[in-house]
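Here's the structure, in structure tokens; my notes come after.
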Amino acid sequence: MEQTARIYQDVCKILVTKEEISEKVKETGARITKDFEEKAPVMVCILKGAATFFTDLMREIDLPVTTDFMSISSYGSATKSTGVVRVMKDLDRDILGKDVIIVEDIVDSGITLNYLSKMLEGRGAASITIVTLLDKPARRKVKDLVVNYSCFNIPDEFVVGYGLDYDEKYRNIPDIGVLKPEIYQGK
Ligand code: IMP
Ligand code: MG
């Protein structure tokens, strides 16, 4: 898709291109395949933002993985974390004794993942591993959160595309871009 396409009209700058994403997803999948040799981890997709990354990543992992989906919310339609984490949809299967790989779109304050990893640990997972597409280290509030695989570190800007939204829009942009501030200012 050309960057003059209609879906790009509210984006001021492309931060990561689809080609860069694709290369990094392959590399991350290969690393996970090697690190989890002989294991059959459960890949947990954090809906909805991570869905695009998740489906690409799982096809780069050469292991007998199983998949499950969870929906957690720490954001309204605003661009700042409220610190309130709600489980909207829980996992379908038990994770007792399983190696769990949490797949997230972006780690910002870290509040969401910190809450989630503690919760899954409490259910008796054998191990918890965190994979994120994007990381905004400058905004971290939970300093001791361990992110095991991070594809791209990005500056403190609100981004959309490749699954990430603003007010449920822009998820279908193939790259990751910075949203024009006038779109969310005053909201
Ligand atoms: P945290 O709890 O502050 O780490 O928030 C993580 C969640 O906030 C992610 O799963 C995203 O849904 C959302 N989020 C944080 N920054 C952005 C952004 O730049 N664009 C879109 N969503 C974001
Ligand atoms: Mg989100």
Side-chain angles (χ1 to χ4, degrees), residues 7-18 20-21 24-25 28 43-58 67-91 100-121 128-187:
I7 51 165
Y8 288 100
Q9 70 190 8
D10 293 341
V11 167
C12 54
K13 177 172 72 184
I14 300 292
L15 270 190
V16 193
T17 65
K18 56 179 186 291
E20 290 168 330
I21 296 169
K24 199 72 182 182
V25 168
T28 306
M43 291 179 69
V44 172
C45 175
I46 308 305
L47 295 169
K48 303 170 198 170
T52 313
F53 175 46
F54 184 83
T55 55
D56 280 348
L57 180 66
M58 70 179 185
T67 60
D68 209 336
F69 296 80
M70 194 166 197
S71 179
I72 278 204
S73 171
S74 66
Y75 268 64
S77 62
T79 57
K80 298 257 153 60
S81 182
T82 57
V84 178
V85 177
R86 275 190 304 164
V87 176
M88 322 288 283
K89 185 222 168 284
D90 209 337
L91 298 173
V100 174
I101 301 179
I102 301 173
V103 182
E104 178 60 300
D105 54 355
I106 183 164
V107 187
D108 188 34
S109 68
I111 293 169
T112 313
L113 272 183
N114 186 51
Y115 175 91
L116 182 66
S117 52
K118 291 212 158 72
M119 186 174 114
L120 299 187
E121 226 172 74
I128 304 277
T129 299
I130 293 176
V131 185
T132 188
L133 173 69
L134 303 172
D135 192 350
K136 279 184 192 169
R139 287 179 48 91
R140 191 78 85 255
K141 289 206 186 95
V142 185
K143 305 282 184 203
D144 58 352
L145 181 76
V146 179
V147 178
N148 306 89
Y149 304 86
S150 167
C151 294
F152 302 99
N153 276 356
I154 61 163
D156 182 11
E157 289 179 293
F158 195 82
V159 295
V160 293
Y162 194 65
L164 287 101
D165 74 307
Y166 170 68
D167 206 12
E168 294 300 332
K169 288 181 282 196
Y170 314 110
R171 295 192 197 274
N172 59 325
I173 294 175
D175 325 80
I176 294 156
V178 178
L179 189 63
K180 286 182 181 165
E182 62 258 36
I183 304 296
Y184 56 82
Q185 261 157 14
K187 296 255 167 96

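Numbering of ligands and ligand atoms starts at 1, following listing order. No experiment lies behind these values; they were computed from the predicted model shown. The figures that follow rest on heavy atoms only: side chains count, while hydrogens, waters and symmetry mates do not.
Atoms of ligand 1 lying under 4.0 Å from any heavy atom of Ile111, numbered from 1 in the order shown and given with element: 2 (O), 4 (O). Atoms of ligand 1 lying under 4.0 Å from at least one heavy atom of Ser109, given by number and element, are 1 (P), 2 (O), 3 (O), 4 (O). With ligand atoms numbered from 1 in the order given, ligand 1 contributes 9 (C), 10 (O), 11 (C), 12 (O) to contacts under 4.0 Å with heavy atoms of Asp105.
Not a single heavy atom of Arg139 sits less than 4.0 Å from an atom of ligand 1. Residue contacts with ligand 1 include Asp165, since one or more of its heavy atoms lies under 4.0 Å from the ligand. At least one heavy atom of Gly110 sits closer than 4.0 Å to an atom of ligand 1.
Smallest separation of non-hydrogen atoms from Gly49 and Asp105: CA-OD2, 3.3 Å. Between Val16 and Asp175, the closest heavy-atom pair is O-CB, 3.3 Å. The nearest pair of heavy atoms linking Ile183 to Tyr170 is CG2-OH, 3.6 Å.
Only the side chain of Leu164 comes within contact range of ligand 1, with a heavy atom under 4.0 Å; no backbone atom does.
Within the set Lys136, Lys141, Arg171, the minimum heavy-atom distance to atom 19 (O) of ligand 1 is found for Lys136.
Atom CG of residue Asp56 and atom OG1 of residue Thr28 lie 11.5 Å apart, to the nearest 0.5 angstrom. Here the CG atom belonging to Asp156 is positioned 6.0 Å from the NZ atom belonging to Lys136, to the nearest 0.5 angstrom.
For Val159, a nitrogen or oxygen atom sits less than 3.5 Å from a nitrogen or oxygen atom of ligand 1, counting backbone and side chain alike.
The pair Asp135-Arg140 counts as a salt bridge, with a side-chain nitrogen and a carboxylate oxygen less than 4.0 angstrom apart.
The aromatic rings of Tyr184 and Tyr166 sit tilted relative to each other, their planes meeting at an angle between 30° and 60°.
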